[in-house]
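Below, each value reflects all heavy atoms present in this structure, side chains not excepted, and no hydrogens, waters or symmetry copies. All figures in this text were calculated on a predicted structure; none of them were measured in a lab. Numbers here are sequence positions counted from 1. Just so you know, ligand 1 is whichever comes first in the structure, and atom 1 is the first atom listed for that ligand.
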Amino acid sequence: MKLLVVGGGGREHAIIRCLKKNPTVEVIYALPGNGGIAADAVCVPIGATEIDKIVAFALENQIDYAVVAPDDPLVLGCVDALEEKGIPCFGPRANAAIIEGSKVFAKNLMKKYGIPTAQYEVFDDMDAALSYLDTAPIPTVIKADGLALGKGVIIAGTREEAKTAVRDMMEGHIFGVSGDKIVIEEFLTGPEVSVLSFTDGKVVRPMVSSMDHKRAGDNDTGLNTGGMGTIAPNPYYTPEVAERCMKEIFLPTIAAMNAEGRTFRGCLYFGLMITPDGPRVIEYNCRFGDPETQVVLPLLESDLLTIMLACTNGTLADTEVKFSDKHACCVITASAGYPVRYQKGFPITMTEEAAAHTYVAGAKLVDGNLLTSGGRVTGTTAVADSLEQAIREAYRMAEGVEFENAYRRSDIGKRAMQAGK
Ligand code: AMP
Ligand code: GLY
């Protein structure tokens, strides 16, 4: 089969490595891919949101199956456009990707169908939002409605901070039109769990649970990032919690999307908080998480391409989705200064062992040399019998990835090691 993967980060590298294990795969094109992905796929310089060019490329190259990984092309209708031309895809159509594309849509869906989430109010008028904040419980959480590169959520510890966030979004347009509407919601507490799931719109098969580490600094300090590391499985996701999530969240969400005429096929990501009152949905993503994918897929024992095709064809009920009971840890190596200001263009060297266990996120090839080109540069994943071993091995191998300015958090997995203690 000739495959096309839309996207060019560490997540896409992990997806491509996993797809390659299927012996029917002849070639994988990555659009645009990156300098590291080029070792595993044919990279083509077409951007992930250049939908017309993606469709034209797929037709010219007789692509058999396309995997659309990032949120923006999904929300923009990349799957719709490819399917219209007869190219089957993994990923939701735009009318289902809205579950991530609009937080207002997601919140209203959960309210309508009784899916547990934080209490909230929606505002499209700034003065109404500001006066609501005069009496709202503090801390409070302000969310821009639309996509905002993972930065559209502000946790405000004071009324003034909350009002500043509202003004920044609605008057200052710091997230563009994404902030024209906002959600103000209840502040919840508890450990966070990411659960990615495969769904064909009929059944839902959760993948192994994981834990992201979103803050830039050790001990969850500093700014929010795209994610500085992950571990799987997440020890806070006990069998009891998993059972409740299936009954109270996963199945009702699939049913709700069907009832709305927005059948979701692809990877549905549940961002959960395990509160003292039970699991709550913090967010939905319409795609694989990054860097969750870099720990989840290395634990997948079944064939990824077979599962993806089953999601597209509606045969997931008859398809094996099996995960190993080992542990995985992924440590991101970033450019110092990420997520604010950082230098790029430094040569990257990797030991053979590190390269074999590293997914490349932000690098480009220049005259055959791999140079840093982004904030998050690589993710190094180890799989082991225990979490402790996986963490130790991931750090040991990540040391084999070197470039000027390299920065890693030193405590990926620490919180998970403390679970139950
Ligand atoms: P999101 O982009 O929706 O995942 O939000 C980013 C982060 O903000 C989440 O991973 C949580 O840590 C935090 N967050 C979002 N909503 C809430 C909430 N209602 N209560 C507490 N923390 C939240
Ligand atoms: N790691 C969180 C996300 O992919 O949104």
Side-chain angles (χ1 to χ4, degrees), residues 7 9-12 14-15 69-72 74-75 97 99-107 110 116-121 136-157 162 165 169 175 178-179 182-197 207 209-216 220-232 234 236 267-277 279-297 330 332 334 339 359 361 375-376 379 409 412 415:
R11 162 185 56 205
E12 287 76 9
I15 291 172
D71 48 1
D72 24 3
L74 289 167
V75 170
I99 199 165
E100 173 169 4
S102 166
K103 292 201 192 289
V104 173
F105 171 86
K107 295 299 290 190
M110 289 187 269
T117 187
Q119 301 286 329
Y120 72 101
E121 299 286 338
I138 298 293
T140 189
V141 184
I142 322 282
K143 299 187 172 182
D145 176 44
L147 296 179
L149 297 169
K151 297 192 182 106
V153 175
I154 307 286
I155 303 199
M169 287 185 199
F175 303 122
S178 286
I182 61 164
V183 172
I184 301 185
E185 73 176 31
E186 176 194 10
F187 175 73
L188 299 175
T189 56
E192 286 183 56
V193 180
S194 305
V195 179
L196 284 58
S197 69
M207 302 182 215
S209 62
S210 55
M211 185 192 285
D212 195 4
H213 296 70
K214 284 205 168 105
R215 301 291 202 93
D220 297 324
T221 54
L223 293 171
N224 255 323
T225 70
M228 292 299 295
T230 39
I231 59 96
N234 185 324
Y236 293 98
C267 174
L268 183 53
Y269 167 131
F270 299 90
L272 306 168
M273 196 172 268
I274 315 305
T275 76
D277 302 319
R280 300 281 182 273
V281 177
I282 290 284
E283 63 162 347
Y284 292 113
N285 290 329
C286 64
R287 53 172 173 88
F288 283 94
D290 192 344
E292 284 89 341
T293 304
Q294 290 91 307
V295 283
V296 168
L297 290 185
C330 172
I332 299 292
Y359 303 114
R376 288 189 296 176
R409 264 180 72 160
I412 301 304
R415 177 139 195 229

Should Val153 and Glu283 count as side-chain neighbours, where that means a heavy-atom distance under 4.5 Å?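 Side-chain contact under 4.5 Å: no.
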
Below 4.5 Å, heavy atoms only, C-beta onward: do Pro70 and Glu12 meet side chain to side chain?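 When only atoms from C-beta onward are counted, Glu12 and Pro70 do touch, with a gap below 4.5 Å.
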
Heavy-atom nearest neighbour in the protein, as seen from [atom], with distance rounded to 0.1 Å:
atom	answer
atom 22 (N) of ligand 1	Ile155 CD1, 3.5 Å
atom 17 (C) of ligand 1	Ile282 CD1, 3.7 Å
atom 8 (O) of ligand 1	Val153 CG1, 3.7 Å
atom 16 (N) of ligand 1	Lys143 NZ, 3.1 Å
atom 20 (N) of ligand 1	Leu188 N, 2.8 Å
atom 10 (O) of ligand 1	Glu192 OE1, 2.7 Å

Of the backbone atoms (N, CA, C, O) and the side-chain heavy atoms from C-beta on, which set of Glu186 has a member under 4.0 Å from an atom of ligand 1: side chain, backbone, both, or neither?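 Just the backbone.
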
Under 4.0 Å, heavy atoms only, figure out whether ligand 1 is touched by the backbone of Val141, its side chain, both or neither.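 Only the side chain of Val141 comes within reach of ligand 1.
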
Atoms in ligand 2 flagged as close to [X], the criterion being non-hydrogen separation under 4.0 Å:
X	result
Tyr269	2 (C)
Gly226	1 (N)
Asn285	3 (C), 5 (O)
Gly289	4 (O)
Glu292	1 (N), 2 (C), 4 (O)
Asp212	1 (N), 2 (C)

What is the distance from atom [atom1] of [X] to atom [atom2] of [Y], rounded to the nearest 0.5 Å?
X	Y	atom1	atom2	answer
Asp71	Tyr269	CG	OH	11.5 Å
Met273	Arg280	CE	CZ	11.5 Å
Asn234	Ile274	CG	CD1	7.5 Å
Met228	Cys330	CE	SG	10.0 Å

Does the residue Lys103 have a heavy-atom contact with ligand 1, meaning some pair of atoms that are separated by less than 4.0 Å?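 True for this residue.
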
Closest contact, heavy atoms only, Asp290 versus Gly10: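 Scanning both residues completely, I find the closest heavy atoms to be OD2-N, 3.9 Å.
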
Nearest heavy-atom neighbours spanning Ile332 and Pro291: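 For Ile332 and Pro291, the tightest heavy-atom pair comes out as CD1-CB, 3.9 Å.
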
Residue from Lys214, Arg215, Arg409 passing salt bridge (charged side-chain N to carboxylate O under 4.0 Å, His left out) with Asp220: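 In the set Lys214, Arg215, Arg409, the residue that makes a salt bridge (charged side-chain N to carboxylate O under 4.0 Å, His left out) with Asp220 is Arg409.
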
Side-chain donor-acceptor pair present, Thr230, Asp212, cut-off under 3.5 Å: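 Note: Thr230 and Asp212 side chains miss the donor-acceptor criterion.
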
Please tell me whether Ser194 and Glu292 have a donor and an acceptor in their side chains that are separated by less than 3.5 angstrom.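 The answer is yes; a qualifying pair exists.
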
Given that the side chain starts at C-beta and the backbone is N, CA, C, O, which of these parts of Thr230 lies under 4.0 Å from ligand 2, counting heavy atoms, or is it both or neither?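 Within the 4.0 Å criterion, Thr230 makes no contact with ligand 2.
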
If we set the cut-off at 4.0 Å for heavy atoms, which region of Arg287 has an atom near ligand 2: side chain, backbone, both, or neither?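 Side chain only.
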
Give a yes/no on ligand 2: does Gly227 have at least one heavy atom closer than 4.0 angstrom to it?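 No heavy atom of Gly227 comes that close to ligand 2.
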
Any side-chain to backbone donor/acceptor pair from Ser210 onto Ala232? Under 3.5 Å, distance only.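 Not at all, since once roles are kept as given, no pair shorter than 3.5 Å links the two residues.
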
Ligand 1 N/O within reach of Glu185 N/O, cut-off under 3.5 Å: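 Yes, since at least one N or O of Glu185 sits under 3.5 Å from an N or O of ligand 1.
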
Give yes if a backbone or side-chain nitrogen or oxygen of Met273 is under 3.5 Å from a nitrogen or oxygen of ligand 1, and no if not.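 No; every N/O pair is 3.5 Å or more apart.
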
Is any N or O atom of Glu283, backbone or side chain, closer than 3.5 Å to an N or O atom of ligand 2?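 Among all N and O atoms of Glu283, none is under 3.5 Å from an N or O of ligand 2.
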
Ionic contact status for Lys107 with Glu185, cut-off 4.0 Å: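 So Glu185 pairs with Lys107 through a salt bridge.
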
Check ligand 1 against Phe187 and write out every atom of the ligand that is under 4.0 Å from a heavy-atom position of the residue.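 By the 4.0 Å cutoff, the relevant atoms are 20 (N), 21 (C).
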
